[in-house]
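Following: one structure in structure tokens, then a few remarks.
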Amino acid sequence: MRFMMLMIPLGYETAPPDIQLDPERVAAMMKYNEALNDAGVLITLDGLHPPSMGARVSFAAGKPLVTDGPFAEAKEVLGGYWMIEVASRDEAIAWATKCPASENEIIEIRQVQEMTDFSEEVQQAAAGFAELQKGSGR
Amino acid sequence: MRFMVIVKASQDSEAGVVPSTELLTAMGKFNEQMVKAGVMLAGEGLHPTSKGARIKYSGKTPDVSHGPFPLTNDLVAGFWLIQVKSRDEAIEWMKRAPFDGGAEIEIRQIFDAEDFGEALTPELREQEERLRAQAGR
């Protein structure tokens, strides 16, 4: 089963575009990343720039409406993520609890949808998705 | 530049309602266009938060709480990773996404090694590159 571990650093929703990282924290996090990798669990990971550099596109009005960040109504935003492959949700939670996160951080664990989770009709409509993923240059 | 396009959760996505065949077909076409243009790196949907968990790191031991979580504009339902030349190009692509009314997405740039400056020492950088080469099975 694949899971996404979503890193949610509280306060990141108002972080300036030129945010600076603490080298010590980066080093601690790299040790954790290495442990995930050594266990054969890690698929990929990325960090996201603050939302002040981002944009939102809303389709509520029938046509796309673009808003530049930061987003006034955001209470929490993503700071980054890990994609992992483990045998169960409990195993994903166990990995997340080992993360050297600080007190203002939350990790949300979410299972990634697989084609087999859906009905045959849906699988037919999404036929070719696996090929798309393979072709998408990873 | 790489961007993560975050698809916001909705009442339907949190209830586990799967999109219509029509929307899935349109989304497949959109994905195909992005793959052909060399833009799309990855894309996944996430199960509702009722099947998820959150871990908070206040105090000595991590505090685990189980979903579902209250539906806010900040919950995630899925994502794309795309590679484009600018934020504007990312926005232009996503304006073409075949979403129906109510959907909202957020476009966020992904950190590259160059963005970290001196915080990422040569040793850490080497470690990061090795990790990325090994991961991704």
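Letters go in sequence order (proteins before strands), and every chain restarts at 1.
- Residues B:Ala135 and A:Leu42 come closest through the heavy atom pair CB-O, 3.6 Å.
- Only the side chain of B:Asp115 comes within contact range of chain A, with at least one heavy atom under 4.5 Å from a heavy atom of that chain.
- Options A:Asp18, A:Leu21, A:Val26 differ in how many heavy-atom pairs under 4.5 Å they form with chain B, and the most are formed by A:Leu21.
- Annotation: side chain of A:Val122 is not in contact with side chain of B:Thr21 (no heavy-atom distance under 4.5 Å).
- Under a 3.5 Å cut-off, the side chain of B:Arg132 and the backbone N or O of A:Thr44 do not form any donor-acceptor pair.
- Looking at B:Ala37, neither its backbone nor its side chain comes within 4.5 Å of chain A, counting heavy atoms on both sides.
- The residue among B:Met94, B:Met27, B:Met4, B:Glu123 with the most heavy atom pairs within less than 4.5 Å of chain A is B:Met4.
- Per-residue heavy-atom pair counts under 4.5 Å with chain B were compared for A:Lys75, A:Arg25, A:Glu24, A:Glu76, and the maximum is reached by A:Glu76.
- The contact between A:Asp117 and chain B is made entirely by side chain atoms (from C-beta outward), counting heavy-atom distances below 4.5 Å.
- B:Gln11 CD: 12 or fewer foreign heavy atoms inside a 6.0 Å radius.
- Under the 4.5 Å side-chain criterion, counting only non-hydrogen atoms from C-beta, A:Glu121 is not in contact with B:Leu24.
- No side-chain heavy atom of B:Glu106 sits under 4.5 Å from any side-chain heavy atom of A:Leu78.
- Partner of B:Glu44 under the side-chain hydrogen bond (donor to acceptor under 3.5 Å, both in side chains) criterion, chosen from A:Arg110, A:Arg2, A:Gln113: A:Arg2.
- Heavy-atom distances place no part of A:Leu65 under 4.5 Å from chain B, backbone and side chain included.
- In terms of heavy-atom pairs under 4.5 Å with chain B, the best-connected choice from A:Ser102, A:Ser119, A:Gly62, A:Gly80 is A:Ser102.
- The nearest pair of heavy atoms linking A:Ile19 to B:Phe111 is CG2-CZ, 4.1 Å.
- Tracing side-chain contacts under 4.5 Å through hydrophobic residues (I, L, V, M, F, W, Y), one reaches B:Val64 starting from A:Ile107; they form part of the same cluster.
- With a 4.5 angstrom heavy-atom cutoff, A:Phe3 does not touch chain B via any of its atoms.
- Under the 4.0 Å criterion applied to side-chain N and carboxylate O atoms, A:Asp46 and B:Arg108 are not assigned as salt-bridge partners.
- B:His47 has its side chain out of reach of A:Arg89: every pair of non-hydrogen atoms, C-beta onward, lies at least 4.5 Å apart.
- Residues A:Phe71 and B:Val5 do not share a hydrophobic cluster, defined by chaining ILVMFWY side chains whose heavy atoms lie under 4.5 Å apart.
- A:Pro23 and B:Leu124 make their closest contact through O-CD1, 4.5 Å (heavy atoms, listed as atom of the first residue, atom of the second, distance).
- With contacts defined as side-chain heavy-atom distances shorter than 4.5 Å, the pair A:Glu108/B:Leu75 qualifies.
- Of all the listed residues (A:Glu114, A:Glu105, A:Glu34, A:Met53), the one sharing the greatest number of non-hydrogen pairs under 4.5 Å with chain B is A:Glu34.
- Between the side chains of A:His49 and B:Arg87, not a single donor N or O lies within less than 3.5 Å of an accepting N or O.
- No part of B:Glu22 comes within reach of chain A, as not one of its non-hydrogen atoms sits under 4.5 angstrom from that chain.
- Heavy atoms from other residues, nucleotides or ligands lying under 6.0 Å from CD of A:Glu73 number more than 12.
- Rounded to the nearest 0.5 Å, atoms OH (A:Tyr81) and CD1 (B:Ile110) are 5.5 Å apart.
- Residue B:Met1 is grouped with residue B:Ile82 when hydrophobic side chains (ILVMFWY) are merged at heavy-atom distances under 4.5 angstrom, including chains of intermediate members.
- Contact count against chain A (heavy-atom pairs under 4.5 Å) is highest for B:Gly45 among B:Gly45, B:Gly28, B:Gly52, B:Ser20.
- Options B:Thr61, B:Leu81, B:Thr72 differ in how many heavy-atom pairs under 4.5 Å they form with chain A, and the most are formed by B:Leu81.
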Given side chain to side chain contact (heavy atoms under 4.5 Å, CB included), test B:Val76 with A:Met4 step by step and report yes or no. CA-CA 11 Å; B:Val76 179; A:Met4 212 166 175; 6.0 Å; no
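- In this structure, no portion of A:Leu10 lies under 4.5 Å from any heavy atom of chain B.
- Taken to the nearest 0.5 Å, the CG atom of A:Asn37 stands 8.5 Å off from the CZ atom of B:Arg130.
- With chain B as the partner, the residue from A:Ala92, A:Ser58, A:Ala74 showing the most heavy-atom pairs under 4.5 Å is A:Ser58.
- With a 4.5 angstrom heavy-atom cutoff, A:Met5 does not touch chain B via any of its atoms.
- Looking at every heavy atom in both residues, B:Ala97 comes nearest to A:Phe59 through O-CE2, 3.6 Å.
- Only the side chain of B:Arg2 comes within contact range of chain A, with heavy atoms under 4.5 Å apart.
- Distance check, rounded to the nearest 0.5 Å: CD1 of A:Ile109 to CG of B:Leu46 gives 12.0 Å.
- Note: A:Gly47 leads A:Ala61, A:Gly47, A:Pro64, A:Gly54 in heavy-atom pairs under 4.5 Å with chain B.
- No chain of hydrophobic side-chain contacts below 4.5 Å, direct or via other Ile, Leu, Val, Met, Phe, Trp or Tyr residues, connects A:Leu6 to B:Phe69.
- Neither the backbone nor the side chain of B:Lys36 comes within contact range of chain A; no heavy atom of the residue lies under 4.5 Å from a heavy atom of that chain.
- Contact of A:Val66 with chain B is made through the side chain alone, with heavy-atom distances under 4.5 Å.
- With a threshold of 4.5 angstrom between heavy atoms, A:Met30 approaches chain B through its backbone and through its side chain.
- Residue A:Thr67 does not touch chain B at all, counting heavy-atom pairs closer than 4.5 Å.
- Hydrophobic clustering (side-chain heavy atoms under 4.5 Å, transitive across Ile, Leu, Val, Met, Phe, Trp, Tyr) groups B:Tyr57 together with A:Trp82.
- Salt-bridge formation is detected for the pair A:Arg56/B:Asp74: a Lys NZ or Arg NE/NH1/NH2 atom is positioned less than 4.0 Å from an Asp or Glu carboxylate oxygen.
- Distance check: A:Leu48 CG to B:Gln109 CD gives 9.5 Å after rounding to the nearest 0.5 Å.
- If you measure heavy-atom distances from B:Phe3 to chain A, you find no contacts under 4.5 Å at all.
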